[in-house]
Structures are given as C-alpha cells and as structure tokens.
2 protein chains.
Amino acid sequence: MADQQRADARRNYARILAVAEQEVAAHGADASLERIARVAGVGSATVRRHFPGRRALLRAVFAERIEALSARAAALTDAADPAAALRDWLAALTDYAASARGMADALAQDRLTEPEDVQSCAAKLAGALEPLVERAARAGAVTADVTAADLITLVTGIALATEHHPDPAAEAHRLLDLTWRGTGSAA
Amino acid sequence: MADQQRADARRNYARILAVAEQEVAAHGADASLERIARVAGVGSATVRRHFPGRRALLRAVFAERIEALSARAAALTDAADPAAALRDWLAALTDYAASARGMADALAQDRLTEPEDVQSCAAKLAGALEPLVERAARAGAVTADVTAADLITLVTGIALATEHHPDPAAEAHRLLDLTWRGTGSAA
DNA sequence: GTACGATACGGAGGCCCCCGCCAGTTAGCA
DNA sequence: TGCTAACTGGCGGGGGCCTCCGTATCGTAC
C-alpha cells in the first residue's frame with residue numbers, strides 16, 4: 001500500500017506534514033492551507049490531494065501526540081492507584097490540549113464523524129482511555145455513569161474555553177481540578 | 001446620544017440586527033457579514049459601520065439573552081435554596097449556550113478582551129452571577145475556590161465541546177451535571 | 001539503456017469573504 | 001425651502017478554498 005506510493009509523493013507528504021505542524025502551532029486550527037503549500041514549496045492542489053480537508057490534515061498533525069497519549073494510557077493501566085492513574089492521564093491530556101494550538105478543535109470536530117470511525121482522534125483516545133476508566137470505576141473512584149468519551153469531551157471543552165486566556169495551561173488545570181472534585185460539593 | 005443618530009441609521013441598525021440574529025442562528029458564530037448585508041438590503045460597509053468587527057455584532061445579537069440571564073440571576077438571589085438557585089441558573093445558561101449557535105463562541109472570545117470591559121458579555125454575566133455564587137459559598141454549597149468566571153468558563157467549554165454532537169443540549173446538561181457532582185467523587 | 005503507462009504535480013480560474021475608500025444621497029435643522 | 005453633515009452603497013484590493021487539466025516525473029518492462 002504505502003510502497004505503491006511514488007517516492008516523490010511520499011517526500012511531499014512528509015514535507016507538507018512538517019510545515020503543517022509548524023503552521024498549526026503558530027496559527028491554530030485554521031492555519032491557511034494555501035500558506036502551508038507555499039512554505040512547503042508545493043502547489044495547493046498537492047496539499048489537498050494528500051490531506052482532503054482540513055480535518056484530515058489536523059488528524060495527521062496530531063497523530064503522534066494521540067499515539068503517545070494512548071501509549072501512556074496503556075502504561076498506566078497497571079498502576080497501583082486507579083484513581084491517581086486516571087487523574088494523571090487526564091492531566092496529561094489537558095497539557096496537550098491546552099498547549100498545542102488546534103488540538104482541542106481537532107478533537108471537538110472529530111466528534112461529529114461517525115463514532116465508529118477508527119481514524120477519529122477522539123475515538124482512538126476514548127478507546128485507549130476506556131480501560132483506565134473501568135478500573136477506576138471498579139475501584140469506586142469515579143461516578144458510575146461517567147464514560148471515557150465524557151471525560152475527553154470535558155477536557156476538550158476546558159481547553160477550548162481557556163484558549164484565549166493568558167496562561168491557558170494553568171487555567172485549564174485549575175478547571176480540570178474543579179471538574180474532578182465537583183463544583184457543587186461542599187468544601 | 002442615541003437621539004443624535006439619524007432615523008434611517010436606527011432603522012438600518014435594527015434591520016441588520018434582526019437579519020444577523022437569523023443568520024447567526026443558522027450558521028453559527030462565523031456567519032457571513034457579507035450575506036447579512038445582502039439579506040438586510042444594505043451595503044456591506046453599513047454593516048461594518050454599525051458593528052465594527054464580528055465581535056461587536058455577536059455581542060449585539062446576544063445582548064438580549066445576556067440581559068435575560070442577568071435578570072434571572074437577580075431574581076434568583078432571594079431564592080430559598082442557594083445551591084438550587086445556582087444550579088438552576090447554570091442550567092439556564094447551558095440551555096442558551098448549547099442551543100443558540102455562536103453564543104458559546106462569543107463568550108469564549110470575549111474572554112480575551114480586558115476583563116474590566118463592561119461591554120463584554122462574559123464580564124456582564126459574571127457580574128450578575130457573582131452574588132449567587134457568594135450566597136451558595138456562604139451556605140457551603142459550592143467549593144470555596146470556585147468563582148463566577150470559572151463557572152461561566154466551564155459551561156462555555158461544555159457548550160463548545162458538545163456543539164457538534166447530535167442533540168447538543170441533552171449532552172451539555174449531562175456534562176453539566178457531571179461537572180457539578182464531580183467526576184472523581186465516588187458514587 | 002530506452003520507451004511507455006501510470007501516477008502525481010502545480011498553476012490558472014471561479015467563487016466567496018473581509019476590509020477600506022469614495023462620491024452620492026438623504027435626513028434634519030434654520 | 002435650502003443647507004450641511006451624517007449616512008449610504010458600490011468598487012477594488014488582498015486573501016483563501018476548491019477544481020480542472022495539461023504536464024513532468026516515476027517505476028517498470030523490454
């Protein structure tokens with residue numbers, strides 16, 4: 001499959017992806033595809049060919065981070081304290097979502113595709129997170145009716161809402177803490 | 001001030017605002033200003049003159065809702081149960097933010113202006129909410145370190161993250177409930 | 001080493017959008 | 001009624017997204 005791709009195509013793919021990472025980091029989820037093409041030294045049609053739609057490009061840009069987070073979740077599955085493991089992972093996700101511009105948008109928008117879409121960043125993350133949540137639930141450390149998808153949605157929302165803050169990461173972590181403890185519980 | 005405005009200017013202002021409400025409801029926060037002008041039967045420059053920037057237009061569009069929510073907060077200040085009053089108000093805000101397309105964006109973007117900006121939708125809401133939060137805090141019904149701004153940010157985030165969901169309102173309310181109770185508390 | 005078919009490329013054109021400037025027009029006042 | 005200033009709408013520039021299509025390049029078979 002990948003070998004049936006021509007060598008120049010693979011070269012361009014890599015070059016575009018590298019530029020896209022920089023541009024998204026600099027300008028967020030609505031970086032200019034045109035500009036990415038220009039900087040990468042390819043025609044705009046080539047960008048569209050490799051990444052049909054902004055969504056696809058964002059997915060590719062964040063694929064590595066998603067992978068890393070999935071791996072982290074897997075590693076945490078055997079941790080001694082299920083509740084702490086879950087919290088740790090959520091904090092890590094918050095870090096990524098709050099600091100990597102565009103990632104929260106990518107996660108939020110991915111949600112409207114079919115939930116079964118294996119390509120979806122959100123679905124992949126939810127799948128990786130599920131075991132952690134189940135373990136925490138069995139230990140009675142989370143409310144019974146919370147799902148992995150819920151948690152990812154909440155973190156995504158926090159990241160989106162704090163994006164325009166000064167020091168978004170700190171604010172996001174504060175709000176995550178609030179969400180975890182519950183705003184309504186008595187002190 | 002408002003009387004020094006010419007009659008036709010006021011007419012156009014009202015017409016543009018009415019069209020803008022429909023367009024924003026239909027296409028969300030990034031409705032086309034050009035299109036609004038066309039539908040309203042005025043030049044695009046006229047829209048720009050009355051509402052310098054998309055932000056200003058969104059503020060005007062949602063001003064009534066903001067006003068209504070502020071009034072509601074004032075009315076709830078004397079309610080018997082401070083905790084229930086706060087919850088009710090948050091549910092109302094969630095309703096608005098989740099069903100009125102673009103409102104969540106408006107709130108989130110408003111946050112990056114100076115916090116003291118009285119024109120800011122978010123600031124106005126926070127100001128109206130403050131007494132409710134204080135009363136609930138005094139009654140020990142909320143965690144001590146939560147502020148009105150925090151709560152608005154959380155609801156805004158939930159609305160943003162559930163925007164692309166089927167049935168966003170239901171999902172938003174579910175997540176609000178989760179946030180209120182705390183995801184991490186044991187069942 | 002060459003010639004051929006398939007594949008990928010990239011520039012041009014269409015369409016839309018936001019923005020700022022302009023002279024014309026109209027409302028309100030004397 | 002006539003004047004003045006505020007208000008108006010159209011136009012052009014700059015940019016972005018998307019599609020089409022002729023062309024250059026790659027990989028392979030001879």
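What you see below is based on every heavy atom in this structure, not just the backbone, and it leaves out hydrogens, waters and symmetry mates. Throughout, a chain's letter reflects where its sequence line sits, starting with A, and its residues are numbered from 1. This structure is a prediction, so every number in the text was calculated from the model and none was measured.
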K.L.:
Once you round it to whole Å, what is the distance between C1' of C:dC17 and CG of B:L57?
P.N.:
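Nearest whole value for this atom pair: 15 Å.
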K.L.:
Could you state the atom-to-atom distance from CZ of B:R54 to P of C:dC17 in whole Å?
P.N.:
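So the CZ-P distance, B:R54 to C:dC17, works out to 11 Å.
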K.L.:
B:H173 and B:D95: side-chain donor and acceptor closer than 3.5 Å?
P.N.:
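Present: a donor and an acceptor within the cut-off.
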K.L.:
Choose from C:dC18, D:dC26, D:dG16 the nucleotide whose nearest atom is closest to any side-chain atom of A:D8.
P.N.:
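Nearest nucleotide to the side chain: D:dC26.
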K.L.:
Have a look at B:R11 and say if it touches a base, only the backbone sugar-phosphate, or nothing, with a 4.0 Å heavy-atom cut-off.
P.N.:
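The residue B:R11 makes no contact with any strand.
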K.L.:
Please pick, from D:dC17, D:dG27, C:dG10, the nucleotide with the shortest atom-to-atom distance to any side-chain atom of A:V42.
P.N.:
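Given the options D:dC17, D:dG27, C:dG10, the side chain of A:V42 is closest to C:dG10.
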K.L.:
Please check if atom CZ in B:R54 has more than 12 non-hydrogen atoms from other residues, nucleotides or ligands closer than 6.0 Å.
P.N.:
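Atom CZ in B:R54 is packed in, count exceeds 12.
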K.L.:
Roughly how many Å is it from CD in A:E34 to P in C:dA12, rounded to a whole number?
P.N.:
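Result: 12 Å.
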K.L.:
Counting side-chain heavy atoms from C-beta on, which of D:dG16, C:dC9, D:dG9 comes nearest to B:T46?
P.N.:
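Minimum distance to the B:T46 side chain belongs to D:dG9.
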K.L.:
Between atom CZ in A:R6 and atom C1' in C:dT7, what is the gap in whole Å?
P.N.:
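My rounded result for the distance is 5 Å.
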K.L.:
Indicate whether any N or O donor in one side chain lies under 3.5 Å from an N or O acceptor in the other, for B:D150 and B:T147.
P.N.:
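Checked: B:D150/B:T147 side chains pair up, N/O donor to acceptor below 3.5 Å.
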K.L.:
Is it the case that over 12 heavy atoms from other parts of the model lie below 6.0 angstrom from the CZ atom of A:R35?
P.N.:
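Open.
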K.L.:
Taking atom C1' of C:dG20 as reference, at what distance in whole Å does atom CG of B:L33 sit?
P.N.:
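Going from B:L33 (CG) to C:dG20 (C1'), I get 14 Å.
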K.L.:
Separation of A:R15 atom CZ from C:dA8 atom P, in whole Å?
P.N.:
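It is 16 Å, rounded to the nearest whole Å.
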K.L.:
Would you mind telling me which residue lines up with the more 5' stretch of DNA chain C, A:H50 or A:S44, judged by nearest nucleotide?
P.N.:
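Result of the comparison: A:H50.
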K.L.:
Using a 4.0 Å heavy-atom cut-off, does B:A45 contact any base of the nucleic acid, only the sugar-phosphate backbone, or nothing at all?
P.N.:
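Here B:A45 touches the bases of the nucleic acid.
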K.L.:
Contact between A:L125 and A:W89 at the side-chain level, heavy atoms closer than 4.5 Å - yes or no?
P.N.:
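Yes, side chains in contact.
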K.L.:
Does C:dA8 have OP1 or OP2 under 4.0 Å away from a side-chain N or O of A:N12?
P.N.:
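Answer is no, no contact under 4.0 Å.
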K.L.:
Starting from C1' on D:dG15, measure out to CG on A:D30 and report it in whole angstrom.
P.N.:
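After rounding, the gap between these two atoms is 14 Å.
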K.L.:
Under 3.5 Å, is there an N or O donor on one side and an acceptor on the other linking the side chain of B:R49 and the base of C:dG20?
P.N.:
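There is none.
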K.L.:
Nearest whole Å is fine: how far is C:dC19 P from B:R35 CZ?
P.N.:
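In whole Å, C:dC19 P lies 18 Å from B:R35 CZ.
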K.L.:
Does A:R48 put a side-chain nitrogen or oxygen below 4.0 Å from OP1 or OP2 of D:dC18?
P.N.:
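It does, given that an N or O in the side chain of A:R48 lies less than 4.0 Å from OP1 or OP2 of D:dC18.
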